[in-house]
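Step one of this worksheet: look at the structure below.
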Amino acid sequence: MPNIIEITDFNAKELDVYARLSENELLNNDEPSKGIFIGESPKVVERALDAGYEPISLLLEKKHIDGEAKCIVERVGDIPIFTAEFDVLTQLTGFKLTRGVLCAMRRKTLPTVEEICKNARRIAILEKVMNPTNLGAIIRSAAALNIDAIVLSPECTNPLYRRAIRVSMGCVFQIPWTIIEDSDDWENTYLDNIKSLGFKTVAMALRKDTVDIDDMGLKEEEKLAIILGTEGEGLLDRTIDNCDYTVKIPMSHGVDSLNVAAASAIAFWELSK
């Protein structure tokens with residue numbers, strides 16, 4: 001029997017996770033094992049459940065109990081399911097922006113780079129990509145375009161931030177990813193670690209001394225790591241200098257650069273055929 005709880009007190013502590021805690025508070029950097037994230041919309045929540053994430057509570061419109069969220073309600077056991085009519089729920093900060101279903105879920109312990117790359121042929125490495133919208137779009141493209149895993153630098157926005165999950169349409173739960181362990185020296189060591197796993201490295205960068213993106217030798221490499229940099233500045237110079245290849249996407253009409261999410265989709269399509 002579902003544990004359905006009618007909302008009467010908007011200050012209830014159990015609702016803090018949906019309306020009053022910041023992303024950093026949810027992440028819980030001091031105790032990552034106790035971190036939480038919020039999944040929005042039935043499709044996203046179902047993908048998270050399929051991926052084995054543990055639900056803590058649900059917040060949804062009454063009509064969704066026997067509607068769009070019926071399958072979710074049947075899957076989550078006896079966790080609290082907070083509910084009310086839409087006009088009542090909109091009193092909670094941000095609820096107007098959702099598709100009527102929110103789920104608080106526990107984060108998992110991240111796998112190692114070695115674990116997610118073990119059987120991978122094409123991986124993406126994101127260096128200091130800080131915009132959650134861009135990150136979510138990159139993850140969605142990676143899942144759609146045959147990328148086997150994603151590795152993020154410590155400065156990247158977290159893939160389980162609410163907006164990143166929403167923009168990815170839940171694809172963050174469908175493709176393996178992890179974050180490089182933070183250290184004072186990660187910038188100097190992570191490429192060596194990737195190369196030691198058998199990958200040739202491809203820097204996506206705006207330089208003149210580049211290989212064509214449709215170069216057959218590049219595409220025939222058994223294992224490729226496609227590396228994309230932060231919005232604006234792009235990749236670190238040392239990263240570009242230490243990569244096996246540098247690739248620039250050809251552009252017309254005097255356009256000198258692409259948004260990193262758009263560039264990622266082109267690179268993934270061309271280099272994972």
Side-chain angles (χ1 to χ4, degrees), residues 23 37 40-41 43-44 47 97 122-180 186-187 190-191 194 199 201-215 218-219 224-273:
E23 293 281 16
F37 68 90
E40 301 181 13
S41 85
K43 178 182 288 186
V44 168
R47 286 180 172 173
L97 302 176
R122 295 289 185 266
I123 67 170
I125 299 176
L126 308 184
E127 192 176 272
K128 303 185 180 183
V129 175
M130 300 176 186
N131 183 296
T133 298
N134 283 336
L135 184 65
I138 292 169
I139 291 172
R140 188 174 180 182
S141 292
L145 299 173
N146 299 310
I147 298 301
D148 301 309
I150 299 175
V151 176
L152 302 100
S153 76
E155 286 93 343
C156 284
T157 193
N158 195 284
L160 294 183
Y161 276 4
R162 196 159 164 172
R163 183 163 182 79
I165 296 172
R166 182 166 67 243
V167 173
S168 82
M169 291 295 292
C171 291
V172 67
F173 307 118
Q174 296 179 301
I175 183 169
W177 59 271
T178 196
I179 300 172
I180 296 168
W186 75 264
E187 293 176 357
Y190 86 90
L191 271 185
I194 292 297
F199 288 90
T201 50
V202 181
M204 301 300 300
L206 299 173
R207 287 195 175 184
K208 294 181 179 180
D209 54 336
T210 59
V211 175
D212 290 341
I213 195 168
D214 59 356
D215 180 85
L218 182 60
K219 292 184 178 183
L224 278 182
I226 303 164
I227 309 174
L228 298 119
T230 186
E231 300 85 354
E233 297 178 7
L235 291 171
L236 297 166
D237 286 339
R238 68 167 66 106
T239 298
I240 300 171
D241 293 340
N242 289 328
C243 278
D244 299 299
Y245 300 95
T246 302
V247 168
K248 180 173 71 173
I249 296 170
M251 290 169 273
S252 61
H253 294 97
V255 177
D256 61 358
S257 64
L258 291 172
N259 169 274
V260 65
S264 74
I266 295 169
F268 298 159
W269 170 252
E270 281 291 341
L271 298 176
S272 64
K273 290 180 180 177

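Since this is a predicted model, take the numbers as computed values, not measurements. Atoms considered below: every heavy atom in the structure, side chains included; atoms not considered: hydrogens, waters and symmetry mates. Sequence positions, counted from 1, serve as the residue numbers for this chain.
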**Study point:** Student check: side-chain heavy atoms of Val260 and Glu127 closer than 4.5 Å
**Key:** no
Review point. Could you give the distance from CD (Glu187) to OG1 (Thr239), rounded to the nearest 0.5 Å?
Key: 7.0 Å
Review point. Do you know which two heavy atoms are closest between Ala205 and Ile240, and how far apart they sit?
Key: CB-CD1, 3.6 Å
Practice item. State, yes or no, whether a side-chain contact exists between Glu40 and Ile165 at a heavy-atom distance under 4.5 Å. Key: no
Check your understanding: Does Arg207 pair with Asp237 as a salt bridge, N-O distance under 4.0 Å?
Key -> yes
**Study point:** Pairwise distance CH2(Trp177) to CG(Leu126) - rounded to 0.5 angstrom
**Key:** 11.5 Å
Practice item. Answer yes or no: is there a donor N or O on one side and an acceptor on the other, between the side chain of Glu231 and the main chain of Asn131, under 3.5 Å? Key: yes
Exercise for review: Taking all heavy atoms of Pro159 and all of Ala164, pick out the closest pair and write down the distance.
Suggested key: O-CB, 3.7 Å
Check your understanding: Does the side chain of Ile226 come within less than 4.5 Å of Val247's, by heavy atoms?
Key -> no
Just list the side-chain donor-acceptor pairs under 3.5 Å for residues 144-157, sequence neighbours left out, or say none.
residue, atom, partner, partner atom, Å
Asp148, OD2, Arg121, N, 2.8
Asp148, OD2, Arg122, N, 3.0
Ser153, OG, Lys128, N, 2.8

Review point. Roughly how far, to the nearest 0.5 Å, is the OG atom of Ser257 from the CD1 atom of Ile249?
Key: 10.5 Å
Exercise for review: Kindly check if the number of other-residue, nucleotide or ligand heavy atoms within 6.0 Å of CH2 (Trp186) is above 12?
Suggested key: yes
Check your understanding: Shortest non-hydrogen contact from Ile266 to Leu258?
Key -> CD1-CD1, 3.7 Å
**Study point:** Taking every non-hydrogen atom, the tightest pair across Ala261 and Ile138
**Key:** CA-CG1, 3.8 Å
Review point. Would you say the side chain of Arg163 lies within less than 4.5 Å of the side chain of Glu23, judging by non-hydrogen atoms?
Key: no
Check your understanding: Atom CG of Asn134 and atom CG of Asn259: how far apart are they, to the nearest 0.5 Å?
Key -> 4.5 Å
Exercise for review: Return yes when atom NZ of Lys43 has more than 12 non-hydrogen atoms of other residues, nucleotides or ligands closer than 6.0 Å, and no otherwise.
Suggested key: no
Practice item. Quick one: closest heavy-atom pair of Ile125 and Ala225, and the distance? Key: CD1-CB, 4.0 Å
Practice item. May I ask you to test the Tyr190-Ile227 pair for a side-chain heavy-atom distance under 4.5 Å? Key: yes
Review point. Any side-chain heavy atom of Ile213 within less than 4.5 Å of one from Met204?
Key: yes
**Study point:** Candidate pair Asp244 and Phe199, rule side-chain contact (heavy atoms from CB on, under 4.5 Å), full reasoning
**Key:** CA-CA 9 Å; Asp244 299 299; Phe199 288 90; over 6 Å; no
Check your understanding: NZ of Lys208 to NZ of Lys248: how many Å apart, nearest 0.5 Å?
Key -> 7.5 Å
Check your understanding: Does the side chain of Arg166 come under 3.5 Å of the side chain of Ser41 through a donor N or O and an acceptor N or O?
Key -> no
Check your understanding: Do Lys273 and Asp214 pass the salt bridge (charged side-chain N to carboxylate O under 4.0 Å, His left out) test, and can you show the C-alpha distance, the side-chain angles, and the key distance before you say yes or no?
Key -> CA-CA 10 Å; Lys273 290 180 180 177; Asp214 59 356; over 6 Å; no
Check your understanding: Within a strict 4.5 Å, meaning less than it, do heavy atoms of the Tyr161 and Val172 side chains meet?
Key -> no
Point to revise | Flag side-chain contact, heavy atom, 4.5 Å: Val211 against Val202 | key: no
**Study point:** Point-to-point distance, once rounded to the nearest 0.5 Å, from CD1 of Ile123 to CD1 of Ile194
**Key:** 4.0 Å
Point to revise | Where Ile175 and Ala143 come nearest, the two heavy atoms and their spacing | key: CD1-N, 4.0 Å
